[in-house]
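These notes are about the structure you will find just below.
It should be emphasised that the depicted structure is a prediction, and the values quoted were computed from it without experimental measurement. If you read the sequence from its start, that first residue is 1, and numbering goes on from there.
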Amino acid sequence: MSAQFLLLTAFSNTSTGGNPAAVVFTDLRQSEETLKGIAQNLNQPITAFVSDRPLSPSPDGPSKSVAFSVRWYAPSRHEVPLCGHGTIAAAKAIFERPDVAKDTEVVELHTSAHGVVTATKRPGGRIQIEIPTTETQEVSREEFARISKVLNETSGRELKIEHIAIGGKGFEYYEKEDLKSLPVNPAPLRQAGFYINVYTTVSSNTEERFISRMFAPGFVPGDEDHVCGSAHCLMVPYWYKRLNIDPTAEIKAKQVSARGGDLTISWDPDGNKIMLAGEVVILGKGELELT
């Protein structure tokens, strides 16, 4: 048995930028071990497994839409409940299928943890997804001191930390340094006790409103995620409030990892969701032999 797959990179218009992902079209009823093994072998930051056959789109959804089921696995063999760049990559791969009409505008992705996630074509070759936000809560003084000590250890010196907040399985901190060139050894972050570790600060130029980096030691290859769409579920509400941005306004953000990535963002506070849009580049296509 074989399965079609694509290698793509999301949130970039070049092959050397953005966050790579593999998308595999296969029967999702296969064993967990099979899916974990494929993700481990492909060794991409994320592998999206998409049902090889479409589902019936929602009756009240857009007329030009298709629906598929999706699951995401990291190369560490962990299943991921939701992955921003993996969702955009999966949508791009679906739009490229020969059995999907060229005028299709919306993909409904049925997930096990977050219901239906929609992906929509946007001008300029971008794809936009809607994902739920996560409100953050400022930590106590004691936690601030404990986490700050860990963060200082990652860079070997005292950092100018303004704010630390926790949301879901991650935390974020804000500082006034040059985030792009900041040396970071992610290993000490294991002591912080969080699954996702987001560093973010206001942008120094007028193109983006804020920039960020995301570290997940032991979970993503190299311990730093190139571009993490879901980390923006934590950051977007904070920055819109802090910078007094009109919730109806669309803004730009940038992840300043070595590969880098560009995101177009808007926030729906009433719907508790954000809209993330980015470009996607197809790196290659092929066929996997499944045993």
Check Val117, Thr118, Val66 against Val107 for a side-chain contact (heavy atoms from CB on, under 4.5 Å) and give me the one that passes. Val66
Donor-acceptor contact present, side-chain Glu108 to main-chain Ser58, <3.5 Å: yes
Distance-only, no hydrogens or angles: does the Asn272 side chain make a donor-acceptor pair with backbone N or O of Pro132 under 3.5 Å? no
CG/Leu28 to CG/Asp52 distance, rounded to the nearest 0.5 angstrom? 7.5 Å
Residue pair His85, Asn19: steps toward the side chain to side chain donor-acceptor pair (under 3.5 Å) verdict: CA-CA 7 Å; His85 91 275; Asn19 203 353; 3.2 Å; yes
Would you sort out whether Leu290 and Gln30 count as a side-chain contact (heavy atoms from CB on, under 4.5 Å), showing the intermediate values? CA-CA 10 Å; Leu290 306 179; Gln30 294 184 82; 3.9 Å; yes
Gln44 and Tyr73: side chain donor to acceptor below 3.5 Å: no
Would Phe194 and Leu189 count as a side-chain contact (heavy atoms from CB on, under 4.5 Å) if you check the C-alpha gap in whole Å, the side-chain angles of each, and the deciding distance to 0.1 Å? CA-CA 8 Å; Phe194 299 97; Leu189 290 173; over 6 Å; no
Report yes if the side chains of Pro269 and Pro237 come closer than 4.5 Å at any heavy-atom pair, otherwise no. no
Within the side chain of Ser257, is there an N or O that forms a donor-acceptor pair under 3.5 Å with the backbone of His226? yes
Any chance you could lay out the side-chain contact (heavy atoms from CB on, under 4.5 Å) test for Leu8 and Val23, step after step, and finish with the verdict? CA-CA 8 Å; Leu8 312 95; Val23 178; 3.6 Å; yes
Could you check if a side-chain atom of Lys254 sits within less than 4.5 angstrom of a side-chain atom of Phe11, using non-hydrogen atoms only? no
Step by step, would you call Trp239 with Thr200 a side chain to side chain donor-acceptor pair (under 3.5 Å)? CA-CA 10 Å; Trp239 282 119; Thr200 183; 3.1 Å; yes
Should Leu182 and Leu159 count as side-chain neighbours, where that means a heavy-atom distance under 4.5 Å? yes
Approximate separation, where rounding is to 0.5 Å, of Phe210 CZ and Gln255 CD: 9.5 Å
If I take atom CD from residue Glu130 and atom OG1 from residue Thr120, how far apart are they, to the nearest 0.5 angstrom? 6.5 Å
May I ask whether Trp267 and Val202 are part of the same hydrophobic cluster, defined by side-chain heavy atoms of I, L, V, M, F, W, Y residues being less than 4.5 angstrom apart, directly or through others? yes
Looking only at heavy atoms, which two atoms of Gly167 and Thr134 are closest? And how far apart? C-CG2, 3.7 Å
When you measure from the side chain of Ser2 to the backbone N and O of Leu288, does any donor-acceptor pair fall under 3.5 Å? no
Tell me whether Val70 is reachable from Leu7 by hopping between hydrophobic residues (I, L, V, M, F, W, Y) whose side-chain heavy atoms are closer than 4.5 Å. no
Under 3.5 Å, side chain of Thr104 to main-chain N/O of Val100, donor-acceptor pair present? no
So does Arg157 get a backbone contact from the side chain of Ser155, meaning a donor-acceptor N/O pair under 3.5 Å? no
Any non-hydrogen side-chain atom of Ile127 less than 4.5 Å from a side-chain atom of Arg122? no
Ring centres under 6.0 Å, that's the criterion: do Phe5 and Phe25 meet it? no
So which atom in Ala74 and which in Phe219 form the shortest heavy-atom distance, rounded to 0.1 Å? CB-CZ, 3.6 Å
Establish whether Leu82 and Ile94 are linked, either directly or via other cluster members, by ILVMFWY side-chain heavy-atom contacts under 4.5 Å. yes
Looking at His78, I want to see if its NE2 is surrounded by more than 12 non-hydrogen atoms of other residues, nucleotides or ligands under 6.0 Å. no
More than 12 foreign heavy atoms under 6.0 Å from CD of Gln137: is that the case here? no
Would you call Arg77 and Glu32 a salt bridge, using N to O less than 4.0 angstrom? no
Does Val220 belong to the same Ile/Leu/Val/Met/Phe/Trp/Tyr cluster as Ile196, with side-chain heavy atoms less than 4.5 Å apart forming each link? yes
Distance-only, no hydrogens or angles: does the Tyr240 side chain make a donor-acceptor pair with backbone N or O of Ala249 under 3.5 Å? yes
Test log, rule side-chain contact (heavy atoms from CB on, under 4.5 Å), inputs Arg209 and Ile245: CA-CA 10 Å; Arg209 299 304 300 270; Ile245 301 170; 3.8 Å; yes
Separation between OG (Ser140) and CD1 (Ile164), nearest 0.5 Å, reads 10.0 Å
Between Asn197 and Ala216 the two heavy atoms that sit nearest each other are ND2-CA, 4.5 Å
Would Lys121 pass as a cation-pi partner of Phe95, given that its NZ or CZ must be under 6.0 Å from the six-membered ring centre and within 45 degrees of the axis? yes
Where is the tightest heavy-atom contact between Val281 and Ser12, given as atom of each residue plus distance? CG2-O, 3.6 Å
Please test Glu207 against Ser203 for side chain to side chain donor-acceptor pair (under 3.5 Å), starting from the C-alpha separation and ending with a verdict. CA-CA 8 Å; Glu207 293 183 16; Ser203 178; over 6 Å; no
Are any non-hydrogen side-chain atoms of Arg259 and Pro20 less than 4.5 angstrom apart? yes
If we only count heavy atoms from C-beta on, is the Lys92 to Ile282 side-chain gap below 4.5 Å? yes
Minimum heavy-atom separation for Pro217 and Asp223, please, with both atom names. CA-OD1, 3.4 Å
Could you give the distance from NZ (Lys273) to CG (Leu276), rounded to the nearest 0.5 Å? 12.5 Å
Closest contact, heavy atoms only, Thr9 versus Gly18: OG1-C, 3.2 Å
Can a donor-acceptor pair be found, under 3.5 Å and without considering hydrogens, that links the side chain of Arg146 to the backbone of Ala192? yes
Please answer whether the main-chain N or O of Pro54 pairs with a side-chain N or O of Ser51 as donor and acceptor at a distance below 3.5 Å. no
Just by distance, no angles: are the side chains of Thr264 and Lys252 close enough, under 3.5 Å, to form a donor-acceptor pair? yes
Return the NZ to CG distance between Lys36 and Asn41, rounded to the nearest 0.5 Å. 14.0 Å
Please determine whether residues Leu42 and Val280 belong to a single hydrophobic cluster, defined as Ile, Leu, Val, Met, Phe, Trp and Tyr linked transitively by side-chain heavy-atom distances below 4.5 Å. no
Given side chains that start at C-beta, do those of Ile274 and Ile131 come closer than 4.5 Å, heavy atoms only? yes
Output, in order, the C-alpha distance, side-chain angles, deciding distance and verdict of ring-ring contact (aromatic ring centres under 6.0 Å, His included) for Tyr238 and His163. CA-CA 11 Å; Tyr238 174 87; His163 177 81; 5.2 Å; yes
For a 4.5 angstrom cut-off between non-hydrogen side-chain atoms, does Glu79 reach Phe49? no
Heavy-atom count check: over 12 atoms from other residues, nucleotides or ligands less than 6.0 Å from Glu162 CD? yes
Between Ser31 and Thr34, is a side chain to side chain donor-acceptor pair (under 3.5 Å) present by the stated rule, with each step listed? CA-CA 5 Å; Ser31 70; Thr34 297; 2.8 Å; yes
